[in-house]
4 protein chains.
Amino acid sequence: MTASAYETCIQACSNCALVCEMCASACLREEDVKMMARCIQLDRDCADLCALAAVLMTRESPLAKEFCALCARVCRACGEECGKHDMDHCQACAKACLSCAEECERMAA
Amino acid sequence: MTASAYETCIQACSNCALVCEMCASACLREEDVKMMARCIQLDRDCADLCALAAVLMTRESPLAKEFCALCARVCRACGEECGKHDMDHCQACAKACLSCAEECERMAA
Amino acid sequence: MTASAYETCIQACSNCALVCEMCASACLREEDVKMMARCIQLDRDCADLCALAAVLMTRESPLAKEFCALCARVCRACGEECGKHDMDHCQACAKACLSCAEECERMAA
Amino acid sequence: MTASAYETCIQACSNCALVCEMCASACLREEDVKMMARCIQLDRDCADLCALAAVLMTRESPLAKEFCALCARVCRACGEECGKHDMDHCQACAKACLSCAEECERMAA
């Protein structure tokens, strides 16, 4: 599989990584930060895995598929947590995570 | 400055990071890898700095501007090296690097 | 300058990066997370810059010195913030940050 | 499992990540770079996965164990490739990779 075959998934991962970084930073500026602690923790892991998934696919690494399978799982967990919060940054993050999870699952299949 | 003010630069850095990863991998598959050694080395640094620049801007980090100034310099160096090679991946990388350098210089100003 | 000349600084950066990750995670588990918000934000930036500083020195990158100068500044900022909090993880992080700042300043000189 | 239970594995991953970066840079300075191309490619992936494995364990991430299982596999692949080359940097890298693979396998069990 070439990088171009991965293109949609690379874009989804690359986008999700930054949306998670933005969500974590916005959560830290919320009035009730404690309520957002789990969201921030998941955002950090999700951002880092999505960023590396995009890199591995771009490199056409033999690990890319399996990495995407793992990435899909953290995207699902992060998306579900973000989905519980009404703030725009959490709703946007939930959407990016679930869309990225679907792309990663398709690639890992 | 908000993340949205950084938007064009975030996209340029995020794109440049992946184009550099792709260029490094493609250089490693060339017949004459030795000729590409400096290009690969610069691609690695440029990819890593651009990726972190995008993250710092997304977080609205107080370091973002200064980081962009440093990032611009590695983009210029990498773009100039890539520009010396005729392969499509190097030419595409040169273009992404120089465009990213301009965005980073504008942000750092 | 060879990677071995950088050795002490590489170890300080590599250690500081992980201590900052640990501090951010521990801060998120504190009762009063809001009080730790600035600490967490600085920990994230400091962790990422220290990790990349260690990588650039290891690669003997021409950017390493200047990168260390920037890294020293985020280490100082993070160390000062962590130093305000009595928790063990913050005190340990303050110590790692200030020690890393000194190493980076020495390298950047 | 706490970060301290992970301590040996965190150190092995953190060390392996930097040894792989050093090996890749040294490979790029070899006379016959083409012979080292696969080694460089594996070094890049192994460095990035080991670095993230150390971070996830430090954060006590719920993903850490599974990530270590994947990390062990790239360490084995990289260690085997490096083991084929006589240069000191490749032999040192092979040793770091195999030792890291064992630690990761133990953690993933």
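Quick note on labels: first sequence line is chain A, next is B, and so on, each numbered from 1.
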Original post:
Got more than 12 heavy atoms from elsewhere within 6.0 Å of CZ, B/R73?
Top reply: no

Original post:
Where along residues 77-89 of chain D does a heavy atom come under 4.5 Å of chain B, listed by residue number?
Top reply: none

Subject >> Residues of residues 26-55 of chain D near chain B, each having a heavy atom less than 4.5 Å away >> reply: D/L28, D/E30, D/E31, D/V33, D/K34, D/A37, D/I40, D/Q41, D/R44

